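The next block holds one structure in the form of structure tokens; read it before the comments.
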Amino acid sequence: MRRCHAKRYGNVQFSGNLGIMIRDFLLAVGFFTRIPVPDHPNFSEKAMNNTSYYFPAIGLLVGLFNLGAFLIAQQFFTVPIAVIFSIGVGFLLTGGFHEDGWADTFDGLGGAFDRDRKLEIMTDSRLGTYGSLALIFILSLKALSLSELMLLSVWPVFLLAHGLSRWVAMLAMVFCKYVRVAENKAKPVAQKISIVKWFFSGVVLMPVFLMIPPTVLGVVFIVALAVCLFWVVLLKRQLGGYTGDTLGAIQQSVEVAIYLGWLACI
């Protein structure tokens with residue numbers, strides 16, 4: 001995940017604390033999606049760091065688009081094909097941001113033993129064997145598990161998976177430090193956040209949580225935290241911390257874990 005800056009179009013002025021929040025949210029939308037947004041008048045590293053608090057909200061936005069694409073495609077095609085269309089819309093909306101991070105992470109972790117070499121491989125734009133296989137694996141598992149869920153009309157899972165996976169992935173920024181290869185490499189959205197700010201960033205997910213059966217919500221939440229904890233331990237041992245790519249890898253694995261956790265409940 002190596003976007004250096006968000007796409008910004010035009011210039012919209014906002015004032016006050018609410019205005020700052022709106023500007024930062026729009027910056028997050030521009031950074032994590034392909035949606036055109038107004039120009040940020042005070043674009044800075046601090047503003048970019050603030051976008052991390054909107055990860056869950058961006059997840060809900062992506063989930064809504066994916067759900068809409070599925071419902072439209074389902075009117076013309078079978079459920080599995082509609083699911084593939086919804087995943088494709090996700091690619092178009094985000095530019096495959098997190099999928100790219102997933103593939104790069106596996107290329108780096110699988111392609112070398114030395115820490116610095118692992119980080120160097122992650123910055124290579126070429127896709128290797130480990131990354132290719134990992135991408136095929138995660139997309140296949142995502143399509144199959146979503147198809148089974150959609151056969152049962154479990155529509156809220158789109159919102160839960162995309163929102164919760166991004167929120168849980170933020171825990172890596174709480175418990176790990178950011179690592180990079182060189183000064184000229186693009187930074188991630190934030191290098192460190194507090195557990196308190198992480199907690200309150202998830203408030204936006206409360207309406208979705210209320211849509212989910214308590215038993216299912218409890219299971220998928222535990223599964224999501226367990227997957228994230230696994231990544232935190234692994235990244236500390238392998239890299240000494242997290243990178244932008246590994247945040248994408250955590251998001252992808254947690255998203256699929258949510259699908260599988262929900263299926264296990266059923």
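By convention here, the first residue in the shown sequence is residue 1. What you see is a predicted model; the values in this text were computed from it and never measured.
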* Dump the intermediate steps for side chain to side chain contact (heavy atoms under 4.5 Å, CB included) on His98 and Arg166, then the final yes or no. => CA-CA 10 Å; His98 301 300; Arg166 284 163 174 79; 3.2 Å; yes

Heavy atoms, side chains only, cut-off 4.5 Å: are [X] and [Y] in contact?
X	Y	value
Thr123	Asp104	no
Val157	Leu146	yes
Gln251	Glu99	no
Ser201	Phe55	no
Val37	Leu27	no
Ile121	Leu109	no
Gln74	Leu71	yes
Pro56	Leu60	no

Please report the closest heavy-atom contact between [X] and [Y], naming both atoms and the distance.
X	Y	value
Phe106	Ala134	CG-CB, 3.5 Å
Ala172	Val232	CA-CG2, 4.2 Å
Val216	Trp262	CG1-CD2, 3.5 Å
Val79	Ser147	CG1-O, 3.7 Å
Met122	Gly108	CG-CA, 3.9 Å
Val204	Ala57	CG1-N, 3.9 Å

* **Counterpart residues, salt bridge (Lys or Arg N to Asp or Glu O under 4.0 Å), relative to Arg115 (two or more places apart)** =>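 Result, salt bridge (Lys or Arg N to Asp or Glu O under 4.0 Å) vs Arg115: none returned.
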
* Do Phe200 and Tyr53 have their ring centres less than 6.0 Å from each other? -> no

* **Interatomic distance, Ser165 atom OG to His162 atom NE2 [nearest 0.5 angstrom]** =>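 Between atom OG of Ser165 and atom NE2 of His162 there are 7.0 Å.
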
Using the six-membered ring wherever Trp is involved, compare the ring planes of [X] and [Y] and label them parallel, tilted or perpendicular (cut-offs 30° and 60°).
X	Y	answer
Phe25	Tyr54	perpendicular
Phe209	Phe221	perpendicular
Phe70	Phe158	tilted

* Full working for side chain to side chain contact (heavy atoms under 4.5 Å, CB included) between Leu205 and Leu160 -> CA-CA 8 Å; Leu205 299 177; Leu160 179 68; over 6 Å; no

* **Side-chain donor or acceptor of Thr243 paired with backbone N/O of Thr246 under 3.5 Å** =>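 Confirmed, Thr243 side chain pairs with Thr246 backbone.
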
* Please confirm whether the backbone N or O of Gln252 pairs with a side-chain atom of Lys142, one donor and one acceptor, at under 3.5 Å? => no

* Can you check side chain to side chain donor-acceptor pair (under 3.5 Å) on Ser253 and Trp231, steps first, answer last? -> CA-CA 9 Å; Ser253 56; Trp231 275 106; 2.8 Å; yes

* Check which hydrophobic residues are tied to Ile81 through side-chain heavy-atom contacts below 4.5 Å, counting indirect links as well, and list them. => Ile72, Phe76, Phe77, Phe85

* Chi angles and distances behind the side chain to side chain contact (heavy atoms under 4.5 Å, CB included) call for Glu148, Tyr259 -> CA-CA 9 Å; Glu148 290 197 29; Tyr259 299 144; over 6 Å; no

* Please report the C-alpha distance between Phe32 and Thr94 in whole Å, then the side-chain angles of each, then the deciding distance to 0.1 Å, and finally whether the side chain to side chain contact (heavy atoms under 4.5 Å, CB included) criterion is met. => CA-CA 6 Å; Phe32 290 105; Thr94 66; over 6 Å; no

* Asked: With respect to Ile258, which candidate in Val256, Val254, Leu260 satisfies the side chain to side chain contact (heavy atoms under 4.5 Å, CB included) definition?
  ->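 In the set Val256, Val254, Leu260, the residue that makes a side chain to side chain contact (heavy atoms under 4.5 Å, CB included) with Ile258 is Val254.
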
* To do: Take atom CZ of Phe199 as the centre, draw a 6.0 Å sphere, and report whether it contains more than 12 heavy atoms from other residues, nucleotides or ligands.
  => no

